Amino acid sequence: MKLAFLIYSWFPHGGQQRDMMRLARECIDRGHEVIAYAMRWRGPRPEGLRIEPVEARGFGRLARYRNYTERVRQALAAEPVDLAVGFNRMPLLDVYFAADSCFAEKARTQRPAWYRFTPRFRHFSAYENAVFGDASATRSLVLSERQRDEYLRHYPGCAERLHLLPPGLSADRKISARDPETRRRCREELSIFGDEKLILQIGSGFRIKGVDRSLRAVASLPGSIAGNCRFLLIGRGRSAPVLAQARKLGIRNRVRVLPGQDNVARLYQAADLLLHPAYSESAGHVLLEATAAGLPVLTTSTCGYAPHILRAGSGQVCEEPFGQQELNRRLLDMLERLDSAPWSANGLRYGQSEELYNMAKAAVDFLERQ
């Protein structure tokens, strides 16, 4: 088959981008031709993947997105493909890989009422409706039951076009035990010493990942524990607002922000707890990666993969609606019980399940049936 993969921007370490690359490699390994249409491509260009830059000009992001859509429409008319597979919601798609949470759900639960009168709302509503609305024939690959339920709540007519995928951890994330030597070396590089507790958060897009919630929770820790904890944030985003909030909360000397890393597996070994109180997350691969690495997890039920944390017994999940006090309380509880609770061992055991590693295979199987 000849496939077009449509994505606005590709860069290393983004969850959406990593998923796209896994599918592209699986397609190429099976002998399919893949063309990636992207406005921006930062990072490696894998062998066998043809990348077509899209010159999408315009004043403001919405204009560029519309320009991108039109340019890709022209490109597909000039060079037809068997399937157009999108990793952002837009017209033109035969198949949408639902890397994002439902926009209609977020607009109504996380935005003020006036937001629904903005150009941004009109644009993204129209693009989401082009995928999930009654007039659409686009099939969608969804990543979690929660995500599927959100789309059905706002687009009940799309039920037959939604297909649930299994998780998609990389095979190299499966380990049988934590490595004390990797932990020692990595902590030394990070200047984490002795019995200091390292709280880790990983993710691009600091606002939606709930970094502000994390900082408030770390700042709430009592003095007996606070002085022994460090918070490390890894990802693509603006560090200045994060550090400004940390300074305002009085924890600037305990907070560090680093850009995305190629080898986050070392960080899972170095850390003592993964904190991920996202406002909204379609899946949350980092939750499963940490679990499989034996790193206890504290997250929110708004993450699509949060049920895995409960099934695994690898940490705790804050209920909805979110309450900062609950997050503060759970963080303190977990830090106090890290040495006695079975979260790490439970996660390592859960990580042995083959079902956690089949997303790319299942997705390409689906594409081949279309």
Side-chain angles (χ1 to χ4, degrees), residues 9-26 29 41-47 49 99 167-193 196-206 209 211 214 230-237 239 242 255-276 278 281 283-299 303 305 308-309 312 314-315 343-344 347-348 350-353 356-360:
S9 177
W10 196 94
F11 53 89
H13 317 306
Q16 176 189 64
Q17 288 72 21
R18 286 184 297 168
D19 285 340
M20 192 212 83
M21 193 59 70
R22 290 187 185 113
L23 266 66
R25 286 177 173 144
E26 181 73 17
D29 288 346
W41 190 281
R42 301 187 184 96
R45 295 172 176 249
E47 184 178 354
L49 177 63
L169 292 186
S170 297
D172 60 3
R173 292 293 187 253
K174 184 190 292 187
I175 63 173
S176 58
R178 287 171 68 78
D179 182 0
E181 182 57 22
T182 298
R183 175 180 171 84
R184 183 194 66 76
R185 288 198 306 268
C186 189
R187 286 171 69 90
E188 189 174 89
E189 293 169 13
L190 294 168
S191 299
I192 306 294
F193 302 110
E196 288 183 323
K197 303 301 182 187
L198 178 57
I199 301 168
L200 176 67
Q201 182 162 6
I202 298 176
S204 297
F206 296 158
K209 294 298 191 287
V211 172
S214 297
R230 302 290 180 267
F231 177 72
L232 175 62
L233 173 62
I234 304 288
R236 184 173 182 263
S239 62
V242 174
V255 172
R256 187 175 180 185
V257 183
L258 295 176
Q261 308 285 307
D262 288 324
N263 187 6
V264 297
R266 297 174 68 249
L267 297 171
Y268 293 136
Q269 298 300 307
D272 296 283
L273 183 144
L274 182 85
L275 184 56
H276 193 81
E281 185 85 84
H285 286 96
V286 67
L287 306 181
L288 285 179
E289 288 188 344
T291 287
L295 180 62
V297 174
L298 174 56
T299 188
C303 296
Y305 284 165
H308 286 281
I309 304 306
S314 59
W343 298 311
S344 180
L348 288 169
Y350 194 74
Q352 300 306 303
S353 172
L356 302 179
Y357 304 88
N358 289 331
M359 183 268 287

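The model shown is predicted, which means the values in this text are computed figures rather than measured ones.
- R230 is linked by a side chain to side chain donor-acceptor pair (under 3.5 Å) to E196, counting only residues two or more places apart in sequence or in another chain.
- Put simply, CG on L288 and CD1 on I309 are 6.0 Å apart, with the number rounded to the nearest 0.5 Å.
- In this structure, the side chains of K197 and L273 stay at 4.5 Å or more apart for every pair of heavy atoms.
- For the atom pair CG (D19) and CE (M359), the distance works out to 3.5 Å, reported to the nearest 0.5 Å.
- Listed here is the closest heavy atom pair of A360 and L23: CA-CD1, 4.1 Å.
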**Request:** Determine, step by step, whether I192 and L232 satisfy the side-chain contact (heavy atoms from CB on, under 4.5 Å) criterion, reporting the C-alpha distance in whole Å, the side-chain angles of both residues, the deciding distance to 0.1 Å, and the verdict.
**Result:** CA-CA 11 Å; I192 306 294; L232 175 62; over 6 Å; no
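- Distance alone, capped at 3.5 Å, is enough to place a donor-acceptor pair between the Q201 side chain and the K209 backbone.
- Put simply, NE2 on H285 and SG on C303 are 12.5 Å apart, with the number rounded to the nearest 0.5 Å.
- The side-chain heavy atoms of L190 and L258, taken from C-beta on, include a pair separated by under 4.5 Å.
- The two residues A312 and Y350 come nearest to each other via the heavy atoms CB-CG, 3.3 Å.
- L348 and A292 get closest at one heavy-atom pair: CD2-O, 3.4 Å.
- Partners of W10 according to the ring pair (Phe, Tyr, Trp, His ring centres under 6.0 Å) rule, which considers only residues two or more places apart in sequence or in another chain, are W41.
- Contact check for R178 versus L295: side-chain heavy atoms found under the 4.5 Å cut-off.
- Rounding to the nearest 0.5 angstrom, the gap separating the CG atom in L274 from the CH2 atom in W343 is 13.5 Å.
- Y268 pairs by the ring pair (Phe, Tyr, Trp, His ring centres under 6.0 Å) definition with nothing, not counting sequence neighbours.
- Around CD of E47, the count of heavy atoms belonging to other residues, nucleotides or ligands within 6.0 Å does not exceed 12.
- Rounded to the nearest 0.5 Å, atoms CG (L287) and OH (Y305) are 9.5 Å apart.
- Under a 3.5 Å cut-off, the side chain of S344 and the backbone N or O of G294 do form a donor-acceptor pair.
- Checked by atom type and distance alone, the side chain of R236 never pairs as donor or acceptor with a backbone atom of S204 at under 3.5 Å.
- Atom CD1 of I234 is separated from atom CD of Q261 by 4.5 Å, given to the nearest 0.5 angstrom.
- Remark: R183 engages D272 in a salt bridge (Lys or Arg N to Asp or Glu O under 4.0 Å) (not counting sequence neighbours).
- Qualifying salt bridge (Lys or Arg N to Asp or Glu O under 4.0 Å) partners for R184, counting only residues two or more places apart in sequence or in other chains: E181, E188.
- Applying the salt bridge (Lys or Arg N to Asp or Glu O under 4.0 Å) rule to R18 yields the partners E289; only residues at least two apart in sequence or on another chain are considered.
- Side-chain contact check for D179 versus R266: every heavy-atom pair is 4.5 Å or farther apart.
- Scanning both residues, A270 and R187, for their nearest heavy atoms gives O-NH1, 2.9 Å.
- Contact annotation: the side chain of S214 approaches that of F231 to within less than 4.5 Å [non-hydrogen atoms, C-beta and beyond].
- Judged by distance alone, the side chains of T182 and Q269 never bring a donor and an acceptor atom under 3.5 Å apart.
- Between P44 and P12 the shortest heavy-atom distance is CD-CG, 4.4 Å.
- Remark: the backbone N or O of Q352 is not paired with any side-chain donor or acceptor of Y357 at under 3.5 angstrom.
- Between L356 and G351, the shortest heavy-atom distance links the atoms CD1-CA, 3.9 Å.
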